[in-house]
Enquirer: 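Take a look at this one; I'll ask things after.
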Amino acid sequence: MSFEIPAHVRPIRDAVYAFMTERVEPAEEVLDRGGPDAAEALRALRADAKAEGLWALGHPAEIGGGGLPFLDYVYVNEVQGRSHYGQVALGTLSLQDSIMLDRHADPALRATYLGPLVRGEITPSFAMTEPEVASSDPTQLATTAVLDGDEWVINGHKWFTTGAAQASYTTVMCRTEPDAAPHDAFSMIIVPTETPGYQVVRETPTLGVSGGHYEVRYDDVRVPAANLLGGRGRGFTIAQERLGPGRIFHAMRWLGQAQRAYDLMCARLNDRVAFGEPLARKQLMQQHVFESYAEIQACRLLTLHAAHKIDQGDQARVEIGAIKVVGARMLHNVIDRAIQAYGAMGVTDDTPLSLMYRNARLARIYDGPDEVHVHTVARRILRRYAGGGGWEFGLS
């Protein structure tokens, strides 16, 4: 495959890049403060995105989205990721949830949620992680759902349910089949957030940032039996279907963040003078530029290779696991070097780097910690060798 941006993708990618750099990034200071001014700024950005044909580009056309093919959207996602507000401003925050509903919800749930979700009139949330168990091993999840007549009764404790306080509903991973094999024991159930017993305990700050991650308790929460997604015991299958492409989208957005940090670093090195010359002439600073270039480029090629395999119908589990680890490390390293180039200013909020750095640390944990992906990737490769095959780079 060619790793050049396809000619037919370039115009929409350029339009998204301009929208991000000229409107979203300059609005970050207001958006970070929150309150009425932030809400109005976000409303204006979303209205502009819709008016300019940039809204929900990755959503399938048949559910009201832009209909951009998967691989084309990967290239667009790269520039959308320059700001953590990109997904909200451009209507792509609900992509995984919209596709999940489209594929697995019954007609009534689709009618209630799917259209408003794609139009950005409501927001979703997703609950899997629990504080009492190691969520790196999701077969331990303890939240239960028991069928009582025509209702599911849910009890449990989740956290890092992003956006729960603002969401219209939460998709909850529950243990519904206690006697089944571990990976057949769980189901996905839609829970409207106004349901009695759905209790938002607190917003959980992460590294000092209030990022909208919530702890939620489920106390005899009752929802209709029809709120089940995809059938009983299908929770892990749906989760993998959701998380695989999602990790590609994470990795592409990380490339956007890394590109922005790289831009900031290189500008600083050319502009800042120390000991009678620009920092750009210092060899140790040049090493920061080189190492960051090499890591970004390597990670980008790994990510595009994985996306290409997915586009061909391959699950690409080795490739996705690899980019989840390599991409998260790359992001941290590049932002860290940019902060070093800024010195004291880099750890203040006078540049975006401080917040970017704190958010980058989370990348090594969410959607599976590094250690799990290292283990599963190595195990899959070694299994091929044990079976008499191998892993030939360029062909595998």
Side-chain angles (χ1 to χ4, degrees), residues 1-18 20-21 25 57-58 68-84 86-87 90 92 95 243-267 287-312 314 316-338 352-353 356-357 359-360 362-364 366-368 370 373-374 377 393-396:
M1 65 169 291
S2 170
F3 291 107
E4 296 292 328
I5 298 169
H8 70 277
V9 178
R10 175 66 74 173
I12 190 68
R13 188 181 189 272
D14 289 348
V16 172
Y17 178 85
M20 294 299 302
T21 57
E25 290 175 28
L57 291 172
L68 212 59
F70 172 77
L71 199 54
D72 292 353
Y73 178 62
V74 165
Y75 289 102
V76 172
N77 213 9
E78 181 178 15
V79 292
Q80 179 190 268
R82 290 179 60 90
S83 170
H84 61 284
Q87 292 186 86
L90 291 169
T92 63
L95 176 58
L243 292 173
R247 289 174 181 134
I248 289 281
F249 296 149
H250 280 315
M252 292 306 293
R253 288 193 296 271
W254 295 340
L255 289 169
Q257 286 277 289
Q259 174 74 67
R260 188 176 180 190
Y262 194 70
D263 293 345
L264 288 166
M265 177 177 67
C266 291
Q287 184 172 358
H288 288 335
V289 174
F290 172 84
E291 297 289 354
S292 296
Y293 166 82
E295 289 185 13
I296 293 171
Q297 186 72 330
C299 185
R300 189 171 189 274
L301 296 179
L302 281 170
T303 303
L304 289 173
H305 176 62
H308 178 68
K309 294 197 73 170
I310 289 177
D311 196 51
Q312 292 181 317
D314 195 306
R317 289 183 174 175
V318 166
E319 292 79 6
I320 289 173
I323 63 167
K324 175 61 172 63
V325 176
V326 173
R329 291 177 180 172
M330 174 279 298
L331 180 64
H332 173 273
N333 291 344
V334 173
I335 297 172
D336 185 73
R337 295 186 192 107
L353 294 169
M356 290 167 65
Y357 187 79
N359 285 333
L362 303 183
R364 293 182 55 200
Y366 59 67
D367 280 10
D370 284 3
H373 291 294
V374 168
V377 167
F393 293 93
L395 297 178
S396 296

Enquirer: Side-chain contact, heavy-atom cut-off 4.5 Å: I248 with F70?
Expert: yes
Enquirer: Please find the pair of heavy atoms, one from A261 and one from A338, that lie closest to each other, and give the distance.
Expert: O-CB, 3.6 Å
Enquirer: Working note: D370 + H373, criterion side-chain contact (heavy atoms from CB on, under 4.5 Å); need CA distance, chi angles, decisive distance, verdict.
Expert: CA-CA 5 Å; D370 284 3; H373 291 294; 5.6 Å; no
Enquirer: One pair to check against side-chain contact (heavy atoms from CB on, under 4.5 Å): V76 and L90. What are the steps and the verdict?
Expert: CA-CA 11 Å; V76 172; L90 291 169; over 6 Å; no
Enquirer: If I compare all heavy atoms of L68 with all of D72, which pair ends up nearest, and what's the gap?
Expert: CG-CB, 3.9 Å
Enquirer: Over 60° means perpendicular and under 30° means parallel, so tell me whether H332 and Y357 are parallel, tilted or perpendicular.
Expert: tilted
Enquirer: Decide yes or no for I310 and I320: does some side-chain heavy atom of the first lie under 4.5 Å from some side-chain heavy atom of the second?
Expert: yes
Enquirer: Below 4.5 Å, heavy atoms only, C-beta onward: do L353 and M356 meet side chain to side chain?
Expert: yes
Enquirer: Find out whether Y73 and L95 are in side-chain contact, i.e. whether some heavy atom of one side chain is under 4.5 Å from a heavy atom of the other.
Expert: yes
Enquirer: Taking atom CG of L243 and atom CG of D367, what is their separation to the nearest 0.5 Å?
Expert: 5.0 Å
Enquirer: Would you please test N333 and E291 for side-chain contact (heavy atoms from CB on, under 4.5 Å) and show each step?
Expert: CA-CA 9 Å; N333 291 344; E291 297 289 354; over 6 Å; no
Enquirer: Residues two or more places apart in sequence or in another chain: which of them pass ring-ring contact (aromatic ring centres under 6.0 Å, His included) with H84?
Expert: none
Enquirer: What is the distance from atom CG of L71 to atom NZ of K309, rounded to the nearest 0.5 Å?
Expert: 14.0 Å
Enquirer: Closest heavy-atom contact between L304 and M252?
Expert: CD2-CE, 4.3 Å
Enquirer: Would you say the side-chain atoms of K324 pair up with the backbone N or O of A251, donor to acceptor, closer than 3.5 Å?
Expert: no
Enquirer: So which atom in V377 and which in R317 form the shortest heavy-atom distance, rounded to 0.1 Å?
Expert: CG2-O, 4.5 Å
Enquirer: Begin with the C-alpha distance, continue with both residues' side-chain angles, and end with the deciding distance and a verdict on side-chain contact (heavy atoms from CB on, under 4.5 Å) for S83 and R260.
Expert: CA-CA 9 Å; S83 170; R260 188 176 180 190; 4.0 Å; yes
Enquirer: Find out whether I296 and M330 are in side-chain contact, i.e. whether some heavy atom of one side chain is under 4.5 Å from a heavy atom of the other.
Expert: yes
Enquirer: Could you measure the distance from the NE2 atom of H308 to the CG atom of L301? Nearest 0.5 Å is fine.
Expert: 13.0 Å
Enquirer: Taking ring-ring contact (aromatic ring centres under 6.0 Å, His included) as the definition, give me every residue that meets it alongside Y293, ordered by chain and number, with sequence neighbours left out.
Expert: none
Enquirer: So which pairs with a foot in residues 292-304 pass salt bridge (charged side-chain N to carboxylate O under 4.0 Å, His left out), sequence neighbours left out?
Expert: E78-R300, E295-R337
Enquirer: Tell me the closest heavy-atom pair linking A316 and A306, and the distance in Å.
Expert: CB-O, 4.1 Å
Enquirer: Just checking, is any N or O donor in the side chain of H250 or R247 under 3.5 Å from an acceptor N or O on the other one?
Expert: no
Enquirer: May I ask you to test the R82-D263 pair for a side-chain heavy-atom distance under 4.5 Å?
Expert: yes
Enquirer: Taking all atoms of both residues into account, what is the closest heavy-atom pair of C299 and G327, and its distance?
Expert: SG-CA, 3.4 Å
